[in-house]
Amino acid sequence: MNIMNCSCNKGSEQKSNRQIIIFDTTLRDGEQSPGASMNLPEKLEVAQALVDLGVDIIEAGFPIASPGDHESVQKVAQLVQGATVCGLARCVPADIDCAWDALRFAESPRIHIFLATSAIHRQHKLRMTQDEIIAKAVEGVKRGKQYCSNIEFSPEDASRTEIDFLCRVVEAVINVGATTINIPDTVGYTTPQEMFDRIAALMNRVPNIDQAILSVHCHNDLGMAVANALAGVAAGAGQIECTINGLGERAGNTALEEVVMAMRTRNDIYNVDTKINSQKLVPTSRLVSQITGLKVPRNKAIVGQNAFAHESGIHQDGVLKERTTYEIMSPESVGFTKSDLVLGKHSGRAALADRAKQLGYDLTTEQLVAVFTEFKKLADIKKEVFDEDIHSIIEQQIHAKKNALINSQWKYQSYKLISSGGAEKSTFQLKLLRNGQVESLEWTDGCGPIDMAFSVVQKMVGLPIKLKEFKVEAVSTGQDAQGEVVVLIEDQRKPGSSFRGRSVSIDIIEATIIAILSAIDRIDL
């Protein structure tokens with residue numbers, strides 16, 4: 001069966017522009033990316049951004065995984081309006097009960113129950129027979145149904161499950177009330193043709209399939225997550241599970257921005273649409289990147305810095321004559337702007353507010369005042385202020401109020417590096433505010449200014465911390481570009497712990513110090 005020949009599927013007669021449900025799992029599967037953990041205020045901020053983006057369902061977490069996960073799902077459920085809030089649960093009573101406890105106050109709750117079905121999982125992980133699996137799945141869905149009418153069931157590792165058995169499981173859980181059946185390619189093993197055939201088989205062979213929505217959840221281990229999700233839609237799936245920037249376990253999940261724009265741009269092929277406000281894709285991508293500290297590659301489709309950049313003379317000439325010669329969608333359609341150079345030191349507040357709005361930000365009066373103050377400071381230093389600089393300032397100021405709620409004992413004031421030539425050691429002088437009081441320390445031991453900065457901060461705060469990761473990247477272009485520093489530190493009293501900090505400044509050493517202090521602030525959260 002050809003993956004585009006989808007009109008023959010039982011119960012899936014294609015209608016023009018049928019709506020595909022977008023199920024976002026950035027806060028659950030996406031947060032499982034190493035180094036991508038978020039605190040509660042950050043999760044709430046991302047959740048609201050997802051609502052503004054237009055996602056239908058937000059998988060807020062795995063409530064039984066930890067008290068922190070339970071609290072975050074509960075808070076998202078209480079505060080989010082305009083989207084269904086979902087909690088993940090293994091197919092065991094304690095998980096399902098815990099999920100409902102976290103979701104009970106949601107405007108629109110969903111319990112997502114999963115149980116492995118493939119032979120390799122049955123034999124090596126669960127040690128259960130096929131009949132035992134079906135019985136357990138049915139009991140789990142029944143238990144969830146006592147709490148909530150909206151139940152999603154996922155046969156984990158469905159892409160490697162025998163199709164006859166998969167059909168039996170799906171039919172059984174729909175019979176007891178599952179409203180969405182998710183088909184996960186848990187290990188990113190399948191191919192687009194295989195995914196199409198699997199969804200088509202379920203559409204044709206499961207007698208009660210018309211009583212549930214079929215969903216696809218694809219991992220990117222072989223780089224085919226988006227292609228597999230699109231193949232599932234072509235075969236009749238009505239929901240796609242995805243994440244912002246393709247975050248997720250191992251190589252990640254289906255990237256929301258890519259699969260949405262693929263369906264929209266190639267509507268002639270898929271005849272579907274979503275409720276996503278595509279002009280918010282870039283701002284949402286930047287928010288998630290800033291919060292998680294995981295940078296978006298320059299050549300990332302849709303939201304990468306180079307996605308609409310043209311260096312080739314032939315391409316530049318073509319775009320200048322007719323944009324569609326080399327652009328299959330407009331940069332404005334996903335949240336980019338055409339111009340790079342935005343404002344200068346003589347620009348006023350109204351111009352900045354207008355530019356911020358074009359970049360996807362609706363600033364309050366208080367936020368605009370703070371952003372304008374920082375913009376003026378930067379414009380006095382830099383020759384050119386780019387869109388990326390404006391994004392950076394806005395993100396920092398938007399988060400400043402949130403970060404102020406953190407009980408921060410230490411704040412940066414100033415540093416001085418006295419460099420000595422020859423064999424003499426350089427001296428690093430640092431001043432910090434500790435609960436409002438100035439404390440200072442001189443340091444002469446280190447292998448350079450970054451090493452000395454970390455050492456002197458560690459000495460002053462008196463914590464056994466270790467620098468696990470240090471990244472610096474230019475925010476914009478030019479020799480006077482701001483640098484973004486992201487650090488990951490470990491509290492050696494808690495082996496394996498990771499605390500992330502971020503800062504942006506023209507002065508990389510200053511940004512490093514502030515990023516380290518920001519990470520230290522998280523240790524007691």
Side-chain angles (χ1 to χ4, degrees), residues 19-29 31 43-44 47-48 50-51 55-117 133-156 158 169-184 206 208-217 237-242 275:
Q19 288 289 306
I20 300 299
I21 296 167
I22 297 299
F23 176 114
D24 185 277
T25 183
T26 302
L27 294 178
R28 201 276 300 170
D29 210 335
E31 200 205 12
K43 287 186 177 183
L44 293 174
Q48 186 56 53
L50 294 174
V51 172
V55 305
D56 299 281
I57 300 158
I58 298 171
E59 188 167 52
F62 192 176
I64 206 165
S66 71
D69 244 35
H70 182 279
E71 182 187 12
S72 64
V73 174
Q74 188 175 59
K75 290 294 184 184
V76 171
Q78 290 171 340
L79 297 176
V80 161
Q81 294 186 327
T84 295
V85 177
C86 178
L88 186 67
R90 292 168 299 183
C91 196
V92 296
D95 279 40
I96 296 166
D97 296 347
C98 184
W100 176 247
D101 184 64
L103 292 166
R104 64 172 64 241
F105 298 112
E107 177 185 62
S108 173
R110 172 184 289 192
I111 300 175
H112 182 186
I113 301 167
F114 72 96
L115 178 64
T117 54
I133 291 286
I134 290 176
K136 185 166 185 168
V138 165
E139 287 307 308
V141 172
K142 282 182 176 179
R143 191 178 190 92
K145 204 71 177 178
Q146 293 174 355
Y147 295 124
C148 179
S149 62
N150 191 344
I151 300 294
E152 176 170 332
F153 180 80
S154 287
E156 186 187 5
V169 173
V170 170
E171 181 181 359
V173 295
I174 292 175
N175 273 337
V176 292
T179 51
T180 298
I181 303 297
N182 180 50
I183 304 303
V206 176
N208 55 1
I209 196 68
D210 59 335
Q211 298 173 33
I213 293 169
L214 268 179
S215 171
V216 286
H217 177 114
Q239 175 179 289
I240 296 174
E241 304 200 355
C242 46
K275 296 193 319 188

| field | Lys75 atom NZ, over 12 foreign heavy atoms within 6.0 Å | value | no
| Roughly how far, to the nearest 0.5 Å, is CD of Glu156 from OG1 of Thr117? | 8.0 Å
| query | Looking at OG1 of Thr84 and CG of Leu103, how far apart are the two atoms once the value is rounded to the nearest 0.5 Å? | reply | 10.5 Å
| note | Between the CG atom in Leu50 and the CG atom in Asp24, the distance rounded to the nearest 0.5 Å is 4.5 Å
| field | Glu241 side, atom CD; Thr180 side, atom OG1 - distance, nearest 0.5 Å | value | 8.5 Å
| field | Shortest non-hydrogen contact from Ile183 toward Pro155 | value | CD1-CG, 4.2 Å
| Atom CG of Asp210 and atom CG of Asn208: how far apart are they, to the nearest 0.5 Å? | 7.0 Å
| query | Between Gln74 and Val85, does a side-chain contact (heavy atoms from CB on, under 4.5 Å) hold up when you go through it step by step? | reply | CA-CA 10 Å; Gln74 188 175 59; Val85 177; over 6 Å; no
| Contact check, side chains of Cys242 and Phe23, non-hydrogen atoms, under 4.5 Å | no
| note | side-chain contact (heavy atoms from CB on, under 4.5 Å) test vs Ile21 passes for just one of Ile240, Val55, Ile57, namely Ile57
| message | If I compare all heavy atoms of Cys86 with all of His112, which pair ends up nearest, and what's the gap? | response | SG-CB, 3.4 Å
| query | Is the Phe62 ring parallel, tilted or perpendicular to the Phe114 ring (thresholds 30°, 60°)? | reply | perpendicular
| request: Compare all side-chain heavy atoms of Ile113 with those of Ile151 and state whether any distance is below 4.5 angstrom. | output: yes
| task | Please tell me if the side chains of Phe153 and Asn182 come closer than 4.5 Å, counting only heavy atoms from C-beta onward. | result | no
| said: Ignoring hydrogens, what is the shortest heavy-atom contact between Ala99 and Ala89? Give both atom names and the distance. | reply: CB-CB, 4.2 Å
| Modelled atom types, side-chain donor and acceptor of Glu59 and Thr25, under 3.5 Å | yes
| Got His70 and Cys98 here, is their nearest side-chain heavy-atom distance under 4.5 Å? | yes
| query | Under 4.0 Å between a Lys/Arg side-chain N and an Asp/Glu carboxylate O for Lys43 and Glu31? | reply | yes
| field | Side-chain ion pair, Asp69 and Arg28, N-O less than 4.0 Å | value | no
| task | May I have the step-by-step check of side-chain contact (heavy atoms from CB on, under 4.5 Å) for Ile213 and Ile181, ending in yes or no? | result | CA-CA 6 Å; Ile213 293 169; Ile181 303 297; over 6 Å; no
| note | Val51 and Ala83 have their tightest heavy-atom pair at CG2-CB, 4.2 Å
| task | List the atom of Lys275, the atom of Asp56, and the distance in Å for their closest heavy-atom pair. | result | CE-OD1, 2.9 Å
| message | Pairing donors with acceptors under 3.5 angstrom, does anything connect the side chains of His217 and Ser154? | response | no
| task | Hey, could you give me the CG/CD1 distance between Asp101 and Ile64, rounded to the nearest 0.5 Å? | result | 10.5 Å
| query | Side-chain contact, heavy-atom cut-off 4.5 Å: Val138 with Lys142? | reply | yes
| query | Would you say the side chain of Ile209 lies within less than 4.5 Å of the side chain of Ile174, judging by non-hydrogen atoms? | reply | yes
| request: Identify the two heavy atoms, one from Val141 and one from Gly177, that lie closest to each other, and give their separation to 0.1 Å. | output: CG1-C, 4.2 Å
| task | Report yes if the side chains of Gln239 and Glu152 come closer than 4.5 Å at any heavy-atom pair, otherwise no. | result | yes
| Mind checking whether Asn150 and Ile111 have side chains closer than 4.5 Å, heavy atoms only? | no
